[in-house]
Structures are given as structure tokens and as C-alpha cells.
Amino acid sequence: MIRFDHVSKTYRGTKRPALDSIDLEILRGEFVFLVGASGSGKSSFLRLVLKEDRPTGGNIHVLGQDLNAISNRKVPYFRRNLGVVFQDFRLLPGKNVFDNVAFTLQVIGKSRGFIQEAVPDVLQMVGLAEKANRLPHELSGGEQQRVAIARAVVNKPAILLADEPTGNLDPSTSAGIMTVLERINAGGTTVVMATHDNAIVDHMKRRVVELVTGQIVRDEDQGGYGMTAEIALQDSGLTAEIALSEGLVRPTGPAQPHTAPVRQVPPMPSTAATHVVRPDEAEPVRERVTVPPAPEQATDARDQAARQQRATAQQQAAAQQAAALQQVRQNRAAAAAGPAAPAAPSAQTPAAQAAPPMPPQSLAAQPAQPDPRDPATESLTLAEKLGLRAPGAAADPANDQNVGPTT
Ligand SMILES: Nc1ncnc2c1ncn2[C@@H]1O[C@H](COP(=O)(O)OP(=O)(O)OP(=O)(O)O)[C@@H](O)[C@H]1O
């Protein structure tokens, strides 16, 4: 469904790659959390999947297509298979809920009849059937995000990419959003979600892929948020090499075959739920959701072997990770206290002992660098970013489509 082979991305004017030889395979029906400190490469990963950007090395396949082989002209058609949700909702302020969702379908030329049927269906699924006539500013943040999700999935994409969809929401509203995303995933849509929300990741127990300075340092079934993801890179000087050498994470090899079963979850109530649905609480979904055919199949045997391998490695790594993290924190505290208070030796982890303490000066070595964004991408309209219209293509004056730039 999504396959990265040795994929690297180095932005113009930067030396360090944002993504550094990534190998990863995500199969149909999976729900994958992408975690990692700020600047670790999560959004870059999502942008590459969306073909919003080009890798500087390696190959990406999405839905069986080699992204290098898709011409710019065909990108909007490719993107119709993908839904995207952002932290900041990106709704059209002058359009009501119904029209915000219908917008996607209008742009790709769906009939009025189809729209009249599909939009209420999807609004029902996200629990907003009663609010179809509201304007975005008349909705709560969680409701606005559900409109954005409805818009992203109304065309029944095979893949939903979500970049910190709960980033602006309180915990209980976030839980409601996750219920919606689980429901969408249960309908067969593969969900890849970049997040800093440790509570959600820990609670949902889904596959977790962790990035440190552009490298995958952890790929774990039913994983938790993890420890390295809690440490802001700018604050720690942590790199993938340090994380690996200190045993904070276990090394990962090339992409492993992996299959996640598609689960069924209950229908959404008309108000946001404050409870994240767990697999063992699942009931059949009522909404009409298209399950796209699997472009590739992993065998049960391969899947089991991969899961077994991960489970064993996770158990072995767990104790080591805890000890190593404690050592890193001790080292940082000691370094912050200055030379009069050297780091206390610890018998817990040899690797952690061998590693140099991380002084606060290292923070300056990796400042947050909001490097200039690619002007070509920045100038895209919302319709173009959603992949609904080819970049530069004429907007339909009958519809309010010529919006954006949106960032
Ligand atoms: N268009 C760009 N031009 C130059 N550098 C960029 C660009 N986009 C991202 N970067 C850099 O690439 C690295 C990875 O950024 P990315 O946005 O992928 O990280 P992230 O994990 O999504 O961070 P956050 O959690 O803060 O959103 C960072 O060092 C960032 O400054």
C-alpha cells in the first residue's frame, strides 16, 4: 500500500537530511502512528506519500504506483485515492459544513445526486448530521476537525494521512476524533497519523513508527509513544545514533511484511465521544464504506514471523530502554549542573555509560530551523493541495474553489 525503499529527503539549502534512507512498508488496513520529536521528519514523510514533494533518493510506491513515474499532470488523479487531514482544519470559512464537504466532490466533478447522498452519509459518520448548515466559526474545534475529516474521506480514499489532527484539541475532544479515525480505518482505509499525542498513542496500542533525525529507530506493533519522542531534539541533542547507541530504541532493518486486521467499530453518536474505541469493544460499523481491493497480500506465515520477531525484540528492549533513558536524564541533569557536579556513574547500562553526557550547549547545535519552504508548494491553492485540481488549472467560477494558499 505504501512502501519506502531507502528513501531520503534533503531540502534545498540544508545539509542534514530530513529523511535518511527510510525503509518502511505499510499494508492495507493498517493504522500507523508516526511519532518523533519536532523536526524528526514526520511531515516530510507524509508529504512524500502525498507526492507533494520529491525524495532526493530512493523509491516510493503508493497503491502499487511508483511515485517517480507519475507525471505532474497525473498527480491530482493519484491524490484522489488519498485523504489528508491537518492540525489546523483548513475549512472554507464562508461555506457551511455541508458545502465544505461537498466542495471536494464538486471539484472532481461528481453529480449533484451523488453529492446529496454522499455528504449526509459522511456527516452522519463523523457525528455532524445535525450541523450541516452551520458555518465553521459556529463549531467547536473538535467539530471543525470532524468536518475536515469528513471532507478528507467523503471520496472514500484508500489512504488517510493525518498530520497532528488532534494537535489543537483538548484530550476528550481528541478522543472523539480518534474514534472517528478508528471507524474510518475499520472500513478498510489505511490511516497514517503523525502525532505528538502520547496519551492517544499509548491508549490505542497500534503500530508505532518512530523517527529520530530522519531515521526510523522503532517500528513496533501495538506500541506506545516511546521515550525518545518525548525529548525535543532541540533540547537534547539526541540523534538517531545516540538513541540507538544508548539503547533508547532498538535498531530496525528493512521494511518487514506486516498485516493488520481490519476491525469493526461502533457507529458514531451525534456528539463527540470522549472515549477511544478499543478493538475488544468493537461492533459492526453501519456506515457505507468502500473497502478497496488489496493491491498486495502478505502471507499469514510471514506476518506471524514478523510479529513474533517484533514481540521478542520489544521485550528484550523494554528493560534496556528504561535504564538507558534514566541514564540520559542523569547525564543531562549533571551536565546542566556544571563541572562541579559531574554525571554520576551508573551500573545500569554500559552503552549509556559510554555515551557522552549531553550538555545544554548541544541545544544550540540543533536549533529549530524553519527553513524556507518550497515556494512552489506554498503557492498551491487548497484544491490543489487536496489533489482535487491540477496545479495551475482553471477554477470553476461557479464554485468558490480558488482558495488558498492555505499555509
Ligand atoms: N520545505 C523545507 N525546506 C527546508 N527544510 C525543511 C522543509 N520542511 C521541513 N524542513 C526541515 O526538515 C526537518 C524535518 O521537518 P518535518 O517538518 O518533516 O518534521 P516533523 O517531525 O514533522 O516536525 P513537527 O513535529 O515539528 O511537525 C526539519 O529539520 C525541518 O526544519
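Position 1 is the first residue of the sequence, and the numbers go up from there. Side-chain atoms are counted along with the backbone in the values below, which use heavy atoms only and exclude waters and symmetry mates. Counting convention: from 1, in listed order, for ligands and their atoms alike.
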Asks: Output the list of atoms in ligand 1 that are nearer than 4.0 Å to some heavy atom of Ser44, sorted by atom number.
Replies: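 Within the 4.0 Å cut-off of Ser44, ligand 1 contributes 14 (C), 15 (O), 16 (P), 18 (O).
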Asks: Tell me which one of Thr195, Ile177, Thr166 satisfies side chain to side chain contact (heavy atoms under 4.5 Å, CB included) with Ile200.
Replies: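 Between Ile200 and the candidates, side chain to side chain contact (heavy atoms under 4.5 Å, CB included) is satisfied uniquely by Thr166.
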Asks: Do any N/O atoms on Gly36 end up under 3.5 angstrom from N/O atoms on ligand 1?
Replies: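 No.
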Asks: Does any N/O atom on Arg16 come nearer than 3.5 Å to any N/O atom on ligand 1?
Replies: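 Min N/O separation from ligand 1 is not below 3.5 Å for Arg16.
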Asks: Grab the two heavy atoms, one from Asp99 and one from Asn96, that are nearest each other, plus how far apart they are.
Replies: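 Taking Asp99 first and Asn96 second, the nearest heavy atoms are N-OD1, 2.8 Å.
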Asks: As an exercise, identify every atom of ligand 1 less than 4.0 angstrom from a heavy atom of Arg47.
Replies: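 Selected atoms, number and element: 8 (N), 9 (C).
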Asks: Treating Lys9 as the side-chain partner and Arg54 as the backbone partner, does any N or O pair qualify as donor plus acceptor under 3.5 Å?
Replies: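 Present.
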Asks: Could you establish whether Lys9 and ligand 1 come within less than 4.0 Å of each other, counting only heavy atoms on the residue side?
Replies: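 Judged by the 4.0 Å heavy-atom criterion, Lys9 does not count as contacting ligand 1.
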Asks: With a 4.0 Å cut-off on heavy atoms, is Ser40 touching ligand 1?
Replies: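 Ser40: in contact with ligand 1 (<4.0 Å).
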Asks: Spell out, as yes or no, whether a donor-acceptor pair under 3.5 Å connects the side chain of Lys42 to the backbone of Gly36.
Replies: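 Yes: the side chain of Lys42 pairs with the backbone of Gly36.
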Asks: Answer yes or no for Gly13: is there a heavy-atom contact with ligand 1 below 4.0 Å?
Replies: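 Flag not set, Gly13 not near ligand 1.
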Asks: I need the atoms of ligand 1 closer than 4.0 Å to a non-hydrogen atom of Glu164, numbered in the order shown.
Replies: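 Counting from 1, the qualifying ligand atoms are 25 (O), 27 (O).
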Asks: Mind checking side chain to side chain contact (heavy atoms under 4.5 Å, CB included) for Glu143 and listing every partner two or more places apart, or none if nothing turns up?
Replies: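 Per chain and number, Glu143 pairs via side chain to side chain contact (heavy atoms under 4.5 Å, CB included) with Leu128, Lys131, Leu139, Ser140, Arg146.
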Asks: What atoms of ligand 1 come closer than 4.0 angstrom to any heavy atom of Ser43?
Replies: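 Those of ligand 1 that fall under 4.0 Å from Ser43 are 17 (O), 18 (O), 20 (P), 22 (O), 27 (O).
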Asks: Consider every N or O of Lys42 and every N or O of ligand 1, then say whether any pair is closer than 3.5 Å.
Replies: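 N/O-N/O distance below 3.5 Å exists for this pair.
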Asks: Which residues pass the side chain to side chain contact (heavy atoms under 4.5 Å, CB included) test with Ile70, not counting sequence neighbours?
Replies: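 Side chain to side chain contact (heavy atoms under 4.5 Å, CB included) check on Ile70 returns Lys51, Gln65, Leu67, Lys74, Val75, Phe78.
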Asks: Please confirm whether the backbone N or O of Thr213 pairs with a side-chain atom of Ser40, one donor and one acceptor, at under 3.5 Å?
Replies: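 Not a single qualifying donor-acceptor pair exists.
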Asks: If you measure every N or O of Gly39 against every N or O of ligand 1, does any of those distances drop under 3.5 Å?
Replies: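 Yes, at least one N or O pair falls under 3.5 Å.
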Asks: Looking only at atom types and distance, does a side-chain atom of Thr190 sit under 3.5 Å from a main-chain N or O of Gly29, one as donor and one as acceptor?
Replies: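 Here the side-chain-to-backbone pair exists.
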Asks: Using a plain distance cutoff, I'd like to know if Ser38 has any nitrogen or oxygen under 3.5 Å from a nitrogen or oxygen of ligand 1.
Replies: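 Between Ser38 and ligand 1 (N or O atoms, distance only) the closest approach is under 3.5 Å.
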